[in-house]
Novice: 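Attaching a single structure in structure tokens format; questions to follow.
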Amino acid sequence: MCGIVGLHLRNPALYPQLGTLLTGMLCEMQDRGADSAGVAVYGDPRWSPPGHAAVSLVESPLTPAELRTALEELLPPGTPVGVVDASPTLVVNVPVEVDALRTAVATAAPGALVVGFGENIAVLKGVGHPRALADSFGLAAAQGWQGVGHTRMATESAVTPGGSHPYAVGPGQCLVHNGSFSNHATIRRELRTRGVVFDSDNDTEVGARFVADRLAAGLDIETALKELCATFDGFYTLLVSNRESFAVVRDAIACKPAVVAETQDWVAVASEYRALTGLPGIESASLYEPEPERIYAWTR
Ligand SMILES: NC(=O)CC[C@H](N)C(=O)O
């Protein structure tokens, strides 16, 4: 199984409720994947304040206080360093360029796994029950304009922090997946020959690295996902986002469930309708199942 949820808010009056709404959606999908869970939240002022780079990491060898001190020593004197404990993830935010912060984090905390980076994005993930993780992240208090979540029942790689979703391998990007790619080993080898580096054995990471590679080459999200459909075999419903866009696609057979709901105030995607029932105005939403291999994308 695995559960996917996503909420793209059109009405700024709802931004303060993003975390509450996303928590309800994620926890409703907990029986589809009780191994691990994760979210990407766009626009939360605690985790990723405006004008700051944010880097999310798991398996940090340093405590939050130690990490802050190590980063203060590496960055120019006086640079304000924020380290938020959203256990088991730490989110570092600093008003510098994203690449400068990634380099500093890699130096300060070698061995930590970076699970997301960019502006206005925090990626929180880990092993455990989705409800317990949502509580531990402090997800219900999150604000912002967009959130994506995943509950995992592992199929293709071990249950580890690095095997959990979302995969956020390009700046501000996030990808979650229900299904399994059958040719991921072949595509992984091809990407490796072009210098792409992987953090896990997971099939979904290959999809995320493929999309990040295509976006870095200048493709838009719709074209990148069309190329993914032409390249990957297997079963998938994918939800892919960045700061500006939010997109869903299913494979040609479309055996993995997905439902989209739209109102003037929001667009939501979930593996099952029951994850959407707590959304305000759901009773008058336009509801549909995404067609096979058709890309549905929404932009801010
Ligand atoms: N059950 C699923 O949909 C699993 C998704 C993906 N293949 C993984 O193992 O992470």
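Counting convention: from 1, in listed order, for ligands and their atoms alike.
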Novice: Determine whether any heavy atom of His165 lies closer than 4.0 Å to an atom of ligand 1.
Specialist: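 Per 4.0 Å heavy-atom rule, His165 contacts ligand 1.
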
Novice: Which protein non-hydrogen atom lies closest to atom 1 (N) of ligand 1, naming both residue and atom, and how far is it?
Specialist: Met1 O, 2.5 Å

Novice: Could you tell me which atoms of ligand 1, counted from 1 in the order shown, lie closer than 4.0 angstrom to a heavy atom of Cys2?
Specialist: 1 (N), 2 (C), 3 (O), 4 (C), 5 (C)

Novice: Could you check atom 6 (C) of ligand 1 against the protein and tell me its nearest heavy-atom contact, residue, atom and distance included?
Specialist: Asp203 OD1, 3.3 Å

Novice: Test of understanding: given a 4.0 Å heavy-atom threshold, classify the contact between Thr204 and ligand 1 as side chain, backbone, both, or neither.
Specialist: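 Only the side chain of Thr204 comes within reach of ligand 1.
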
Novice: Show the atoms of ligand 1 that are less than 4.0 angstrom away from any heavy atom in Glu156.
Specialist: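 Listed by number with element, the hits are 7 (N), 9 (O).
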
Novice: Would you mind listing which atoms of ligand 1 come within a distance below 4.0 Å of any non-hydrogen atom of Met153?
Specialist: 1 (N), 2 (C), 4 (C)

Novice: May I ask whether Tyr296 and Trp266 are part of the same hydrophobic cluster, defined by side-chain heavy atoms of I, L, V, M, F, W, Y residues being less than 4.5 angstrom apart, directly or through others?
Specialist: no

Novice: Between the side chains of Arg32 and Asn178, is a donor N or O closer than 3.5 angstrom to an acceptor N or O?
Specialist: yes

Novice: Which residue supplies the protein heavy atom nearest to atom 5 (C) of ligand 1, what is that atom called, and how far is it?
Specialist: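 In this structure, atom 5 (C) of ligand 1 has Gly179 O, 3.3 Å as its nearest protein heavy atom.
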
Novice: Of the options Phe232, Phe181, Phe198, which is the one that meets Phe210 in a ring-ring contact (aromatic ring centres under 6.0 Å, His included)?
Specialist: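 Considering Phe232, Phe181, Phe198, a ring-ring contact (aromatic ring centres under 6.0 Å, His included) with Phe210 is found only for Phe232.
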
Novice: Give a yes-or-no answer on whether the side chains of Glu244 and Thr299 include a donor-acceptor pair shorter than 3.5 Å.
Specialist: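 No, because no side-chain N or O of Glu244 sits under 3.5 Å from a partner of the opposite role on Thr299.
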
Novice: Does an N or O from Asn202, backbone or side chain, lie closer than 3.5 Å to an N or O of ligand 1?
Specialist: yes

Novice: May I ask you to check whether Ser245 and Asn242 show a side-chain donor-acceptor distance below 3.5 Å?
Specialist: yes

Novice: Heavy atom under 4.0 Å from ligand 1: found in Asn178's side chain, backbone, both, or neither?
Specialist: both

Novice: For the residue pair Asn202 / Ser157, report whether a side-chain donor-acceptor contact shorter than 3.5 Å exists.
Specialist: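 Side-chain D/A pair, Ser157 to Asn202: present.
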
Novice: Going only through I, L, V, M, F, W and Y residues with side-chain contacts under 4.5 Å, is there a path from Leu124 to Trp145?
Specialist: yes

